[in-house]
Protein chains: 2
Amino acid sequence: MSAPASKSPATLHDVAREAGVSLATASRSLNGSARKVNESYRLRVVEAAQRLGYTTNLFAQAVAKGSTTTVALLVADIADPYFSSIAAGVIDAASEENLVVTIAVTGRNSQRELDTVRALRGQRPRVMILAGSRTTGSPFEEHLRAELSSFEDTGGKVAFISQDAAPFATVLLDNRGGARDLAVALAGLGYRDVAVIAGPAEIRTAQERLAGFTAGLAEHGVQLPAERIIHADFTRDGGYRGTQELLATGATVDLIFAVNDVMAVGVVSALRDAGLVPGQDIGVAGYDDIPTVRDITPALTTVRIPLEDVGRRALRLATGTARDGAATGGPAGPGAIPTETIIRESTPPR
Amino acid sequence: MSAPASKSPATLHDVAREAGVSLATASRSLNGSARKVNESYRLRVVEAAQRLGYTTNLFAQAVAKGSTTTVALLVADIADPYFSSIAAGVIDAASEENLVVTIAVTGRNSQRELDTVRALRGQRPRVMILAGSRTTGSPFEEHLRAELSSFEDTGGKVAFISQDAAPFATVLLDNRGGARDLAVALAGLGYRDVAVIAGPAEIRTAQERLAGFTAGLAEHGVQLPAERIIHADFTRDGGYRGTQELLATGATVDLIFAVNDVMAVGVVSALRDAGLVPGQDIGVAGYDDIPTVRDITPALTTVRIPLEDVGRRALRLATGTARDGAATGGPAGPGAIPTETIIRESTPPR
DNA sequence: AGTAGCAGAGAAAGCGCTTACCGGCCCCGG
DNA sequence: CCGGGGCCGGTAAGCGCTTTCTCTGCTACT
C-alpha cells in the first residue's frame, strides 16, 4: 500500500515508466485534461501511481501551468477569535474549490503587512485576502495599494474584508450602520451617560464604529463628550486598560461601548476588578459577536457579524464563485454584509 | 517604484535582460548562492529587479532546488482558541525562518485528516505539523502513519503536537501529569463529589486527562464512579450538553472537571442556565488555559499549557532549530512540556 | 616573459510537470 | 477500394528557476 523508501518522491516519470506509457499519457490520466485517455491505460497509470505512492508535485504543476492553487490570507492576529473565525470561513470555502490556504500574520503593523504581501507574491497565489482594518494616514497604505495593483495586473485577485478599499474587491462590513443601530437600541433601553473605549485612532474600523455609534446616540439626543472617548489597543488588554483609565477620570457612566468584542471582554473584567457589577452598575456592549461573548457573564450585548460567512464570501468574491452580490468596491450600501444588533444581559433596560 | 502593467509577472529572464547580464548571474545576485558576484553586476541586477517589480517565483525555485519553504499545519478547527493559539506560535516561529505556513483543517475527522495529509504532500512541504489529539481504534490511524512515514522517507519532516506519536517527532503534552496535579490540588481544596465531562471516548487526549485526573483523585481517596463520567463532544456545546445530561441524572456533585477549556465554558453556561451558581454551588475546572477562561465568570481553574510556545517548539523541533530538548518520540517524561495548575475562582476551597 | 591557477560570467542541462504538435490507426463515404 | 478525418499515444518544447560546467581574462609566481 505504501511507498518505497526511496530518497525522493516518485515523479510522474516514474509512474509512466512503471505503467509502461508515455509521460503525456500519465499526466493526462492523473491530472485531468481536455483529452481523453483510453480507460485501460488510465487504469494502469492510476494503479502504478498508487503502487509508487505518487502525489502530483503541485509546485511543478503550478510552474508548468502558470497558475497555482494557493490562496494567501493576511490577518492581524490569528489567535484573535475575530480573525480565526474569518480564517475558518476562508479555509472552508477554499477547500471546496481545492485551494490551499496560506496564512500570514501582520500583527497590525503596516510595515510588516507590506513586507508580507511582497513575500507572499512570490507564491503567485491565485488570490490574496486581506482581513482586518485599513488605517488612515499610514504612508504604507499607498505602497500597499501599489503592490496589490501590480499583483492584480499580473493576474492575481485581491479581496479585502473591511471597509471600502476600492479599487479592490471588498467584503464590506457596515461598521457605521451596525454601530448606529446598536446605539439606537441602547438609547432606547434608556442609556444616557455613555463612554466608548475606541480602538487606536488611525484604525478605520474603530473610527467608523465610533462615528456610527455617536450618530445613533445623537438620534436620541444623547451626547458623547470627547473626554468619554478613550483610545486603546484593539485587544482584550486594551479594553481592560482603557476602562481603568476611564474609571480613573471619575466620570459617571451607565454604559461602556467597546468597539470590538475582545476589548469588551477586557472592559467587563476591568469593571469587575474595580468592584463594579458589569451590566448592573454599568452596561457593556461590544461588536463582532465572537463566540465567547455569549459565555461570559453577563452575556454581552453586541453586533453580530457572520464572521465565517464573511470569510467564505471573501474567497468566493475573489475566485469569482460568489453566489450573490456580495459587495465590491462601492460605498457601503446594499452590498454590505448585514449586521444584527444582539441585546443580551450586559445591557438591561434602565 | 511599482511594476509595469504587463500581463504576467516579470521573470528572472526579464530582469537579466534588463540588467544586461546572464540568467545565471541574475539568479546568483538575487537569490544568494555559494558563488560570488561582482558587486557592480549585483547592483545592476538588484536595480533592474526593483524597476520591474520582480519577485522570485517560489514555486519555480522550489522545483529547481527540489526543496520548498512551506510548512503545512493541520488542525482540527482553526476557530478553536486552542488551535489558533498553537497556530500563532507556529506561524511566528516559521516566519523567523522565512517559511510560509499553510493551514488545513481536518474537523476532527480521521478520514478527512488522512485525505488532507495526502493532498498536502503535493505541496512537498518541508515540514508537516499535526496538532490535535490522536485517536485510538481508528482504522485510519494506521494509514496515516504509513502516509507520514513515506513522507519522511522522501525527505519531509513530521511533528506531532499531542501524545507520544512515535516514530515521529512529538511535542509531548503531559496530559496525564497535568490532570493528576489538578486533581490533587482540587482534592486538597476539599472537593469530594466529582464528575467529569470527558471528550469522545476514542480521543487519546481525553482519555489521558481523564485517567490522570482519576489517578490524582485516588491519591486523596476520592472515587470517580463510572456514571459520573459523561462523554461529549470536544466543543463548547459538547460541554454544555454533557452538563445537562449530568444534571439530569440527579447526581449531587461539588465539582465538574471538563477535559478542556472550551468544554468547561459550556459547563459554566449550562450550570448557570440550570439556575446554579458555578463556582459556588458546583466547582468547575478545565484544561488548556485558553485566553478567554480568565475572563469568564467565575474565572476558570485550569491547567496551563503554553500554547503558543508549543506551536513554536513544534516548528523548531521539525526544522531542527530546536533550542532545547523538547521532547521527541519517547514516553512522556523529562521532555514533555511543563504544565501548571492554575486555581481560580471557579473552584473555591470547600 | 611564460605559464599555472583562479575568479567569475555565461551557456546549457536539468527540476517535474503540461500541452502543442505529430503521426499511426481506424472508420467512414464516395 | 481508396482517401479524408477523428481519435488518441507519444515526442518534445516549454514553464521559471538553479547549478554544473565551460571558458575567458586576470593575477601571481618562477
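In what follows, chains are A, B, ... by sequence order, proteins preceding strands, each numbered from 1.
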Could you tell me how far apart A:Asp14 (CG) and C:dG16 (P) are, to the nearest whole angstrom? 8 Å
Any ion pair linking A:Arg312 and A:Asp309 (charged N to carboxylate O, less than 4.0 Å)? yes
Going by atom types alone, do A:Thr102 and B:Thr102 pair a side-chain donor with an acceptor below 3.5 Å? yes
Can we say A:Arg134 and A:Glu113 salt-bridge, meaning some charged N sits less than 4.0 Å from an Asp/Glu carboxylate O? yes
Rounded to whole Å, how long is the line connecting atom NE2 of B:His13 with atom C1' of D:dG16? 11 Å
In whole angstroms, the gap separating P of D:dT18 from CG of B:Leu12 amounts to 6 Å
Students should find that the end-to-end axis angle of the helix from C:dA1-D:dT30 to C:dG30-D:dC1, with five pairs defining each axis and rounding to 10 degrees, is 50°
Contact list for residues 13-27 of chain B, test salt bridge (Lys or Arg N to Asp or Glu O under 4.0 Å), sequence neighbours left out: B:Asp14-B:Arg17, B:Glu18-B:Arg51
A:Ser150 side chain to A:Arg121 side chain, donor-acceptor N/O pair below 3.5 angstrom: yes
Under 3.5 Å, which donor-acceptor pairs do the side chains of residues 59-67 of chain B form with other protein atoms, sequence neighbours left out?
none

How many whole angstroms separate atom CG of A:Leu30 from atom C1' of C:dC17? 11 Å
Tell me every residue that passes salt bridge (Lys or Arg N to Asp or Glu O under 4.0 Å) with A:Arg42, counting only those two or more places apart in sequence or in another chain. A:Glu39
Note: contacts of residues 56-69 of chain B with DNA chain D (heavy atom, under 4.0 Å) are B:Asn57, B:Ala60, B:Gln61, B:Val63, B:Ala64, B:Lys65
Just by distance, with hydrogens left out, do B:Glu141 and B:Ser110 show a side-chain donor and acceptor under 3.5 Å apart? no
Answer yes when A:Arg145 and A:Glu152 have at least one side-chain N-carboxylate O distance shorter than 4.0 Å, and no when they do not. no
Given DNA chain C, 5'-ward residue of the pair B:Gly20 and B:Arg124, judged by closest heavy atom: B:Gly20
Rounded to whole Å, how long is the line connecting atom CZ of A:Arg42 with atom P of D:dC8? 14 Å
Given 3.5 Å as the limit, does a donor-acceptor pair link the side chain of B:Thr25 with the main chain of B:Val21, or not? no
Starting at CZ of A:Arg17 and ending at P of C:dG16, how long is that distance when rounded to a whole Å? 12 Å
For A:Ser27, which contact category applies under a 4.0 Å heavy-atom criterion: base, sugar-phosphate, or nothing? base
B:Val90 and its side chain to side chain contact (heavy atoms under 4.5 Å, CB included) partner, picked from B:Val101, B:Val310, B:Ile103: B:Val101
Find every protein N or O atom lying less than 3.5 Å from an N or O atom of nucleotides 4-9 of chain C, and list the pairs.
residue: C:dA9; atom: OP1; partner: B:Asn38; partner atom: N; Å: 3.0
residue: C:dA9; atom: N7; partner: B:Arg35; partner atom: NH2; Å: 2.3
residue: C:dA9; atom: N6; partner: B:Arg35; partner atom: NH1; Å: 3.1
residue: C:dA9; atom: N6; partner: B:Arg35; partner atom: NH2; Å: 3.4

